[in-house]
Protein chains: 4
Amino acid sequence: MFGIWNHPEAGRMTYFGLHALQHRGQDGAGMSVVNDGTFKSYRGTGLLSEVFNDSSRLKSLAGNKAIGQIHYAMSGQRNDIDNIGPFLFHFHDQDISVTHSGNVTNSRSLRKELEKEGAVFHSTSDSELLVHLIRRSKQETFEGRLAEAVKQLRGGFNFLVLTEETMYGVVDPNCFRPLSYGRTREGGSTVIASETCAFHATGTDFIDNVRAGHYIVVTDEGIRTEQYETDTKIAIEAMEYIYFARPDSEFAGINVHSARKNLGRQLAKEQPCPDADMVIGVPNSSLSAATGYAEASGLPYEMGLVKNQYVGRTFIEPTKELREQGVRKKLTAVRGVVENKSIVLVDDSIVRGTTSKRLVQLLREAGAREIHLRITSPPIRFPNYYGVDMSSIQELMAAHYTVEEMTEIIGCDSLGFLSVDGVIEGVGTTFDAPNKGLSLSIFNGDYPADLGDYGVSLAEQMTPIQKKVLRGEL
Amino acid sequence: MFGIWNHPEAGRMTYFGLHALQHRGQDGAGMSVVNDGTFKSYRGTGLLSEVFNDSSRLKSLAGNKAIGQIHYAMSGQRNDIDNIGPFLFHFHDQDISVTHSGNVTNSRSLRKELEKEGAVFHSTSDSELLVHLIRRSKQETFEGRLAEAVKQLRGGFNFLVLTEETMYGVVDPNCFRPLSYGRTREGGSTVIASETCAFHATGTDFIDNVRAGHYIVVTDEGIRTEQYETDTKIAIEAMEYIYFARPDSEFAGINVHSARKNLGRQLAKEQPCPDADMVIGVPNSSLSAATGYAEASGLPYEMGLVKNQYVGRTFIEPTKELREQGVRKKLTAVRGVVENKSIVLVDDSIVRGTTSKRLVQLLREAGAREIHLRITSPPIRFPNYYGVDMSSIQELMAAHYTVEEMTEIIGCDSLGFLSVDGVIEGVGTTFDAPNKGLSLSIFNGDYPADLGDYGVSLAEQMTPIQKKVLRGEL
Amino acid sequence: MFGIWNHPEAGRMTYFGLHALQHRGQDGAGMSVVNDGTFKSYRGTGLLSEVFNDSSRLKSLAGNKAIGQIHYAMSGQRNDIDNIGPFLFHFHDQDISVTHSGNVTNSRSLRKELEKEGAVFHSTSDSELLVHLIRRSKQETFEGRLAEAVKQLRGGFNFLVLTEETMYGVVDPNCFRPLSYGRTREGGSTVIASETCAFHATGTDFIDNVRAGHYIVVTDEGIRTEQYETDTKIAIEAMEYIYFARPDSEFAGINVHSARKNLGRQLAKEQPCPDADMVIGVPNSSLSAATGYAEASGLPYEMGLVKNQYVGRTFIEPTKELREQGVRKKLTAVRGVVENKSIVLVDDSIVRGTTSKRLVQLLREAGAREIHLRITSPPIRFPNYYGVDMSSIQELMAAHYTVEEMTEIIGCDSLGFLSVDGVIEGVGTTFDAPNKGLSLSIFNGDYPADLGDYGVSLAEQMTPIQKKVLRGEL
Amino acid sequence: MFGIWNHPEAGRMTYFGLHALQHRGQDGAGMSVVNDGTFKSYRGTGLLSEVFNDSSRLKSLAGNKAIGQIHYAMSGQRNDIDNIGPFLFHFHDQDISVTHSGNVTNSRSLRKELEKEGAVFHSTSDSELLVHLIRRSKQETFEGRLAEAVKQLRGGFNFLVLTEETMYGVVDPNCFRPLSYGRTREGGSTVIASETCAFHATGTDFIDNVRAGHYIVVTDEGIRTEQYETDTKIAIEAMEYIYFARPDSEFAGINVHSARKNLGRQLAKEQPCPDADMVIGVPNSSLSAATGYAEASGLPYEMGLVKNQYVGRTFIEPTKELREQGVRKKLTAVRGVVENKSIVLVDDSIVRGTTSKRLVQLLREAGAREIHLRITSPPIRFPNYYGVDMSSIQELMAAHYTVEEMTEIIGCDSLGFLSVDGVIEGVGTTFDAPNKGLSLSIFNGDYPADLGDYGVSLAEQMTPIQKKVLRGEL
């Protein structure tokens with residue numbers, strides 16, 4: 001998400017901001033712009049550059065206030081254009097554009113209730129839900145209606161709301177994912193963004209993060225923040241540090257690359273591999289961690305896997321036969337580097353295990369003698385319900401298999417995970433909150449926020465391993 | 001270039017092979033396929049995945065023999081589809097498809113001569129020139145005509161020639177850029193490719209490189225190589241190792257990543273920087289070298305520059321105003337890493353100097369205290385006439401400025417280049433030839449092959465610095 | 001609009017049906033299909049063949065029940081994809097797809113009321129309005145809710161409503177535009193369509209028209225029709241016969257081509273031109289009428305204007321300069337036919353007058369000696385509020401100028417309109433209703449249905465000529 | 001073909017000119033433009049508006065001289081972009097752009113000869129052949145070389161040749177198809193075009209036709225025409241009048257619509273049908289003829305077949321099953337007009353007979369009682385080798401069946417063709433030449449020009465009916 005207030009080229013700035021956030025989703029993009037009271041909006045499926053592939057498109061979105069979104073289609077969500085933000089609503093008395101990231105856990109029940117009262121939804125998006133709640137609120141001011149609406153939501157979410165007079169940025173009571181704001185060096189426009197890397201791309205100086213349970217109000221008069229919920233408990237999603245965010249972003253004052261390097265160092269301490277010849281990271285997300293592991297262990301850091309930079313969504317898939325013949329597209333192992341070597345392979349996480357298995361096979365084919373897989377996170381044993389889509393329980397390898405079983409299935413010579421405490425130590429947050437302010441629910445099943453409509457299905461599908469974890473036996 | 005003989009899915013294999021070679025050019029791609037004596041061809045501008053964005057396109061190119069090309073538009077060349085290989089020619093007695101890489105230095109004079117005799121050219125491509133020479137040769141066999149044609153060419157070039165009965169791969173007398181061949185593990189098809197990374201992508205085992213002044217002949221009977229020119233002198237273009245090739249490729253038995261790491265180590269010896277806090281490489285081409293420099297110097301290797309993976313050709317360019325406001329798209333400096341630090345910035349080369357200048361500025365804005373730029377090649381002072389387009393003399397920064405002047409223009413605190421001998425030492429080739437088999441002409445003006453039509457213009461445009469180099473004064 | 005119930009290739013049939021209806025709008029197209037209880041929908045801007053230009057699109061819309069729409073963007077309506085039918089709504093208890101043609105005159109007030117109660121609209125479409133009304137109705141059955149909803153609407157409208165169990169076709173109490181139903185010769189599927197030309201395209205035999213104030217109910221059990229409004233008065237829009245419908249369609253048992261030919265005959269009686277050399281029709285809509293005029297007058301029918309069949313929406317517009325130089329694209333006058341001749345030019349209507357002016361100029365440039373313009377409708381002096389967009393009062397030439405003034409502005413030698421009675425006579429309907437069942441409001445300002453939100457603005461903008469007409473003075 | 005000399009917007013004018021010529025081919029389009037000595041060219045497959053669908057494309061073709069082409073892919077010709085004109089050739093001493101229409105009958109032998117001397121062809125186009133011949137000529141001037149080259153060609157052809165200094169328009173010694181030139185009313189630019197309808201579209205006044213065996217030379221100094229061949233015999237292809245050209249064009253001073261109407265009148269005399277109820281023409285090409293037949297016979301002219309104006313190349317084909325169910329797309333029969341009627345159906349020609357068969361079936365299904373098919377040309381019994389692709393002997397219905405057999409296969413109640421003399425009479429040319437200057441070879445096998453490479457194959461494939469015709473027995 002990216003928003004900008006009071007910039008002569010708000011649409012173009014939003015394009016640059018979103019471009020820096022492209023890694024957060026590749027399924028769609030959109031933008032709403034206000035120009036002298038007139039709202040315009042455009043959204044489409046695909047990469048930002050595909051949605052706005054025509055420069056006339058961007059030109060037509062002239063205006064001085066804008067919000068935009070990079071869309072990430074969650075599994076189980078209808079993935080059509082109707083679910084891509086921002087949403088633009090024209091009422092007889094007002095226009096509103098809204099976008100969000102995260103996941104409202106009680107949306108299904110709220111929508112059902114509203115439908116019973118005659119509401120008509122066009123999408124399954126939480127942004128649309130928010131607008132319905134706002135429009136049904138009897139509070140006198142728009143801000144009052146917004147606050148009343150947000151208070152009814154559970155889960156993890158950030159919202160950007162744009163009206164002609166005001167831009168709002170809302171953060172859930174746990175602040176699962178940060179929302180930062182700043183000021184452009186030229187012109188002093190106000191910018192709100194999901195990651196500070198969007199600030200670099202737009203010449204913006206960081207001011208602060210919106211706190212848990214707060215919202216920010218941006219008008220021509222200036223900036224203020226308000227608290228809509230007092231029962232807050234900071235719990236930043238640990239996976240943002242571990243793999244999701246861009247290395248040049250900062251969350252809670254901690255640079256993501258540095259956090260990853262520290263996680264690698266911590267991993268080297270917890271899961272050493274002294275007889276290996278070298279450390280290799282999986283490009284690109286685990287390179288920081290791999291250099292940390294290498295430095296802490298004293299082993300050389302090598303580039304044993306190479307990523308083809310030109311793999312796009314339009315790549316024509318090989319037939320199964322060709323794939324079995326060894327056709328590779330995305331990553332290749334460098335024979336000249338790994339042949340006859342014992343390797344520490346550092347990766348950030350194991351979800352389904354299929355990627356790890358393929359990497360091990362790639363390295364074996366290139367002649368690697370031993371492969372010791374080291375993961376800078378604990379086993380992911382529980383689904384994430386707050387917006388980082390770690391797929392369903394059925395697919396989570398570590399919800400079904402022990403580490404020993406995983407080692408065998410993946411085919412590596414050894415497999416080592418970072419501990420839950422190691423994550424806290426490695427990331428280095430210092431909040432006065434459980435886990436020093438991190439959400440670690442996908443590792444330990446301890447969910448900081450109400451699971452809403454998901455609670456029952458989680459309970460019903462619980463695997464033996466998950467139960468052990470919850471009983472503290474694993 | 002990629003060619004495959006005798007594979008039931010020759011077109012698809014060529015697609016995968018070319019995909020691995022995409023870094024060698026982004027201006028176009030094409031493919032010719034033979035199916036039971038019928039040639040089909042398709043070529044287009046843009047990335048391979050853009051040219052073949054429709055899977056029906058590839059399906060229509062069914063066949064069991066194919067050659068393909070990734071196109072790199074050289075400055076000064078008409079960049080239309082007519083110059084993209086492979087070329088397909090239908091004659092009353094034969095069909096021929098040809099593609100090439102490199103640059104024939106006497107093409108202009110040869111074409112003029114042929115035009116005077118009534119020849120009609122459709123492109124400025126050297127592939128078309130070769131076909132004219134073949135068709136005018138009076139030799140009895142096609143192979144004889146091909147050899148006679150190739151012998152008339154000067155410069156650096158590789159050709160793939162496909163007829164119904166035979167696939168030929170031709171290498172110039174200096175072997176400026178290698179041409180490797182191998183055999184697929186499944187089915188035993190013969191593959192020819194510009195880089196061995198295309199072998200990984202197609203499950204191919206390396207057999208050998210085609211030698212300087214030789215061509216390879218692939219038929220249903222098998223493989224043989226013939227020498228068409230005895231006056232040979234191996235001179236592999238050093239820039240292939242330094243920056244052009246993919247790190248997982250091997251040239252002359254040397255892995256490119258390892259060569260780059262060695263160049264980084266060598267640079268650390270020649271141009272040390274003991275008081276710096278860290279080493280940073282320019283993503284992605286200089287990361288190998290940077291780790292080598294870090295290891296050899298004992299300084300930590302950090303990720304201070306981050307590359308946006310989603311920068312494609314469709315990115316909408318910012319206006320000048322926005323750019324001046326600090327809008328960045330491709331690379332960002334990581335403030336959390338570089339702030340208040342003294343940095344060794346490792347890059348592979350300086351051509352125009354504009355990129356270096358921008359990188360230094362980026363790091364300064366992110367708070368870097370000192371920036372020591374270290375380059376894993378000598379100053380590039382002379383144009384390349386053999387196919388690696390290093391732009392014209394006018395644009396080569398080191399042809400006009402001394403290292404001291406360059407330091408000032410770029411704005412770094414110090415600037416250090418690798419020596420010419422350091423390149424030879426770092427790459428580590430062991431041929432019994434000048435420079436141990438490397439071409440270093442762009443550094444020292446010593447051109448291994450006849451400059452043909454370019455000789456005069458080079459002499460006329462010579463800068464004072466170039467003259468000094470040639471006189472051995474620099 | 002086209003709907004089909006119980007056909008194994010419902011989507012494809014809808015495509016063919018809509019294709020026959022393409023003349024009713026070129027601004028967009030869409031289709032909703034039900035397959036085993038699952039609804040799918042697709043809509044887009046442009047011609048039907050542009051929206052479904054990818055055959056995989058149509059394949060993905062497999063199902064055995066479908067409704068579809070050709071979209072015609074009315075002036076003043078937001079023309080984005082959100083207004084193109086059919087609309088598909090997913091509720092927790094039901095899916096509904098709706099599309100409509102025509103115009104609900106009290107939609108603005110109904111929407112405002114609903115918004116005050118918290119309703120959120122995504123479009124300005126009357127289809128969406130209907131769904132809101134249905135969902136808020138407290139009737140027990142869906143059919144009851146639909147009937148209650150429709151009863152609240154004013155103006156001219158047809159709706160197609162598709163649920164899993166039923167397809168409904170609704171006609172307003174005046175039946176401004178017919179809705180016909182029939183049965184396919186093969187398989188006996190039920191088809192509903194705006195014009196019977198869609199029956200020819202799908203092998204459908206006509207059964208009947210849905211009556212004014214009725215709706216048809218199609219289920220697996222069969223077909224029945226219900227009356228939801230007893231206060232009905234048939235008033236078929238005369239312009240459907242005069243120019244909008246396809247000549248091979250039938251409305252109220254009258255073939256459109258024959259009606260037009262009769263209008264031409266009637267015009268020859270009312271507005272003769274005995275000294276002319278020939279009769280020319282404006283291609284393609286006025287050719288039928290011109291042959292009628294020719295036959296009745298005994299003058300030869302000639303092809304003096306030729307239409308370029310290849311004028312599409314992608315035609316690149318000439319610059320003003322080139323246009324002034326005489327660049328023509330759509331119609332050309334045939335010099336060899338018209339030179340030095342006195343011509344009766346038959347056209348169907350005059351809206352803004354610009355087309356007539358241009359045609360006269362074209363014929364003059366081609367050498368025509370005299371041009372007698374004859375129109376098979378009376379002067380259009382009032383806006384149409386029931387769905388045929390005749391543009392605003394400001395633009396209606398005959399609302400501002402007398403026939404004499406129009407003759408001068410258009411530049412013809414004489415100008416003759418058909419009388420209002422002549423329209424009734426020519427079309428030949430025989431309903432026991434005012435004007436024998438035709439709506440002639442755009443000629444005489446006598447609106448059969450409540451103007452709703454438009455009434456006030458019409459009264460405010462009334463021109464002197466309109467006032468005269470209403471006073472019976474013109 | 002369209003060419004323009006000395007117009008500030010030559011490219012745009014060519015676009016408009018070609019647009020008027022779109023009916024002459026839908027397989028491709030192209031344009032070459034000269035701007036201050038620099039040639040630019042663009043060509044592509046599809047309709048003109050598809051090739052130039054991007055207005056920036058046309059903008060980039062700025063210049064003041066241009067030639068353009070509408071491409072019609074002949075059966076048996078490789079239909080790739082390489083065969084679409086105009087062709088642009090860059091030589092060291094000159095740039096030449098060439099395009100043509102028609103067919104050179106000795107091209108295969110000429111090409112083979114040239115290939116033996118080392119020539120390399122990129123296409124099978126006669127335009128390329130001409131350039132080879134020009135470049136090999138030893139004449140001193142370009143004009144001399146052009147004349148020498150053209151003299152070697154046999155068959156029917158028109159060429160446009162554009163150099164920096166001159167535009168040439170060449171017509172074969174029989175003038176199978178005319179080439180007209182004129183002057184724009186504004187600015188006095190010189191225009192050359194295949195049909196005069198392109199003059200209307202560009203504000204051009206007709207000057208004259210280029211005579212048989214002549215070429216026109218357009219320079220900044222003015223216009224002159226030269227004769228390159230004295231052995232000439234005018235033989236305008238009759239099918240241009242009968243069905244190929246646009247009704248608003250004029251050939252040899254005769255308007256095409258008027259010629260068709262006369263052909264219809266003539267047909268009414270030769271093949272009357274006094275008891276029929278009405279005359280119907282096949283839209284759009286036979287409407288003129290049908291009105292002529294109606295007038296001469298006194299029968300009413302009706303619109304019994306309606307053409308869907310929105311049938312484009314992207315129309316999705318119905319499956320065979322749907323087609324058999326009666327799915328129609330292009331033409332529909334109007335039941336309200338034809339039911340229980342005896343009909344004279346006027347069409348311009350019968351090639352394969354499949355269209356006629358389908359039309360008869362359509363009318364029968366719509367209830368027509370009797371169908372009397374009347375054709376405004378004689379049976380087409382011989383292939384056309386001069387550029388109008390009437391398909392191969394194998395496919396020509398009248399080369400295999402008698403009129404009686406054709407009546408039965410087509411399923412009409414009677415079938416009548418115009419006589420060969422009736423064509424001459426109806427068209428009304430008055431040249432002092434065989435057939436008054438018309439080529440009627442496809443009817444009587446009497447070929448005015450050398451058949452070149454086609455002569456042998458014609459002789460070998462001769463059918464019994466063709467032999468009878470040549471012996472004068474039919």
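Protein chains get the first letters and strands the later ones, always in sequence-line order, with residue 1 at the start of each. Everything numeric here is computed off the predicted structure, so don't read it as measured data. Values below: every heavy atom of this structure, side chains too, minus hydrogens, waters and symmetry copies.
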- Bottom line for A:D248: the part with an atom under 4.5 Å from chain B's heavy atoms is both
- State, without any angle test, whether B:R246 and A:T332 hold a side-chain donor-acceptor pair at a distance under 3.5 Å. yes
- Working to the nearest 0.5 Å, report the span between CG of B:N255 and CD of A:E339. 10.5 Å
- Applying a strict 4.5 Å limit to non-hydrogen atoms, the region of B:A294 in contact with chain A is neither
- Item | Minimal non-hydrogen separation, A:S258 against B:G336, with atom names | OG-O, 4.2 Å
- Region of B:Q22 that comes under 4.5 Å of a non-hydrogen atom in chain A: both
- Message: Is the shortest side-chain heavy-atom distance between B:N308 and A:H19 below 4.5 Å?
- Response: yes
- Message: Is A:L287 in contact with chain B via its backbone, its side chain, both, or neither, using a 4.5 Å heavy-atom distance?
- Response: both
- Query: Taking B:H257, B:R335, B:H23 one by one, which has the highest count of heavy-atom pairs under 4.5 Å against chain A?
  - Reply: B:H257
- Item | A:E365 and B:H200: side chain donor to acceptor below 3.5 Å | no
- Select one option (side chain, backbone, both, neither) describing which atoms of A:T291 are under 4.5 Å from chain B's heavy atoms. side chain
- Query: By a 4.5 Å heavy-atom criterion (distance strictly below it), what part of A:A366 contacts chain B: side chain, backbone, both, or neither?
  - Reply: neither
- Query: If you look at every heavy atom in B:V306 and A:P247, which pair is closest and at what distance?
  - Reply: CG2-CG, 3.7 Å
- Measure distances from A:E295 to the heavy atoms of chain B and classify the residue's part below 4.5 Å as side chain, backbone, both or neither. side chain
- Message: More than 12 heavy atoms of other residues, nucleotides or ligands under 6.0 Å from CZ of B:R364: yes or no?
- Response: yes
- Are A:E302 and B:K261 close enough that some pair of their side-chain heavy atoms sits under 4.5 Å apart? yes
